[in-house]
**Q** 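I have a structure I would like to understand better, so I am pasting it below and will then ask my questions one at a time.
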Protein chains: 2
Amino acid sequence: MNISEAAKRSGLSSKTIRYYESIGLVKVAKRSDNGYRDYSESDVEALRFLQRARATGFGIEECRQLLGLYDNEQRHSSHVKSLVLEKVEQVESQIAELQAMRNTLNTLASRCAGDEGPHCAILDELSTVSGEESNLEEGK
Amino acid sequence: MNISEAAKRSGLSSKTIRYYESIGLVKVAKRSDNGYRDYSESDVEALRFLQRARATGFGIEECRQLLGLYDNEQRHSSHVKSLVLEKVEQVESQIAELQAMRNTLNTLASRCAGDEGPHCAILDELSTVSGEESNLEEGK
DNA sequence: GCTTGACCTTATAGTTGCTGGAAGCTTTAG
DNA sequence: CTAAAGCTTCCAGCAACTATAAGGTCAAGC
């Protein structure tokens, strides 16, 4: 099957598939007589695996590891599990960062009248010299 | 003051300050006789504003808008507030995405024995054809 | 047989927000 | 006087693609 069919079935774009090939994340596709890439079902399986792993938050290099384990009959499932648990931690710390941001933003918004006038507590806070009594971080 | 002093006071790096100048986010700094950039207190104030806004989650283009409002005596605080509230929404949807990811990862991990054997539910799930009864998304 | 349009190919550049390094000034400390 | 630190500019690179250009191929319709 041609690349666009493989794209449709894997959920990746054709561009992304070529890109993954170019960085060696998937093996080089075999070519038809016309020079087009030609994919088999098992190629699509690997592509779908990647699509899922990426959507689940794994980076390219982590996908490379996962794919290596996927292809390795000698793997230990504990190894796979630890990659996943490590990723959970990373995702959780990202969540915490974003929550802190959201709290700061909400605090800023709550202090601003949001009217026709030019005075704005948000701008005041953003320009405040660190160390002045603003307590922005505390989300009061 | 020289750039490294401005960097220290604003919380940005010298590189970042030069970068902001190069993309027109801050006005071109005036130069001393030796060709070094020379910053005033009010320059530092703008830089600090940017440092805060970036840390609070605003992108470069959003910072440009905020800075425009900061410098505009005719602004309406409602305009600033709506920028902030829009950002809150963006941050919240990012949080939701990451939480979904985390749930998926936890579900994956919980199904994997994590032992010496090669069988691994995580790899099975990641390679499952969409539409088969896995219910990964539902985080069961 | 020819055209049209969809699909394929490669190669290159752009995205975001910086960071790092090279090569070459000036200034400062010993 | 010399060495180190600090400044300058410009170019490359990071992640993970996406967009664009310029071209080859294929299937359908006339």
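Computation of the quantities below employed the complete heavy-atom set of this structure, encompassing side-chain atoms and omitting hydrogens, waters and symmetry-equivalent molecules.
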**Q** Could you tell me whether A:S13 contacts a base, only the sugar-phosphate backbone, or nothing, with contacts defined as non-hydrogen atoms closer than 4.0 Å?
**A**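 A:S13: backbone/sugar contact only, no base atoms under 4.0 Å.
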**Q** How do B:G59 and A:N2 order along DNA chain C: which one's closest nucleotide is nearer the 5' end?
**A**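 Closest to the 5' end, via its nearest nucleotide, is A:N2.
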**Q** Can you list every salt bridge (Lys or Arg N to Asp or Glu O under 4.0 Å) pair that touches residues 72-87 of chain B, not counting sequence neighbours?
**A** B:E62-B:K87
**Q** Between A:N34 (CG) and C:dA6 (P), how many Å, whole number?
**A** 19 Å
**Q** Once you apply a heavy-atom cut-off of 4.0 Å, does A:R18 come out as touching a base, just sugar-phosphate, or nothing?
**A** base
**Q** Would you mind reading off the distance between B:L12 atom CG and C:dG17 atom P, rounded to a whole angstrom?
**A** 14 Å
**Q** Can you tell me the distance, in whole Å, between the CZ atom of A:R64 and the P atom of D:dA15?
**A**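 For the pair A:R64 CZ and D:dA15 P, the rounded distance is 10 Å.
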**Q** Run the numbers on B:C112 and A:V84 for side-chain contact (heavy atoms from CB on, under 4.5 Å), then give the verdict.
**A** CA-CA 10 Å; B:C112 173; A:V84 171; over 6 Å; no
**Q** With a cut-off of less than 4.0 Å, is there a side-chain N or O of A:S4 near OP1 or OP2 of C:dC8?
**A** yes
**Q** When you check the phosphate oxygens OP1 and OP2 of D:dT9, does a side-chain N or O of B:R31 lie under 4.0 Å from one of them?
**A**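 So the side-chain polar atoms of B:R31 do come within 4.0 Å of the phosphate oxygens OP1 or OP2 of D:dT9, strictly under.
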**Q** Is there a donor N/O on one and an acceptor N/O on the other, under 3.5 Å, for the side chain of B:Y20 and the base of C:dG17?
**A**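 Check fails, no donor-acceptor contact within cut-off.
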**Q** Find the distance B:E21:CD to D:dT8:C1' and express it as a whole number of Å.
**A** 11 Å
**Q** Would you kindly check whether a donor in the side chain of B:K15 faces an acceptor in the base of C:dG17, or vice versa, at under 3.5 angstrom?
**A** no
**Q** Considering only NZ, NE, NH1 and NH2 on the basic side and carboxylate oxygens on the acidic side, decide whether B:E45 and B:R48 come within less than 4.0 Å.
**A**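 Looking at B:R48 together with B:E45, the answer is no, because their closest N to O distance does not fall below 4.0 Å.
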**Q** Nearest whole angstrom, please: distance from the P of C:dC25 to the CZ of B:R37.
**A** 18 Å
**Q** Determine the contact category for B:I23: base if any of its heavy atoms lies under 4.0 Å from a base atom, sugar-phosphate if only primed atoms, P, OP1 or OP2 are that close, otherwise nothing.
**A** nothing
**Q** Rounded to whole angstroms, how far apart are OH on B:Y36 and C1' on C:dG24?
**A** 11 Å
**Q** Report the distance from atom OH of B:Y19 to atom C1' of C:dT15, rounded to the nearest whole Å.
**A** 10 Å
**Q** Can we say A:R18 and A:E21 salt-bridge, meaning some charged N sits less than 4.0 Å from an Asp/Glu carboxylate O?
**A** no
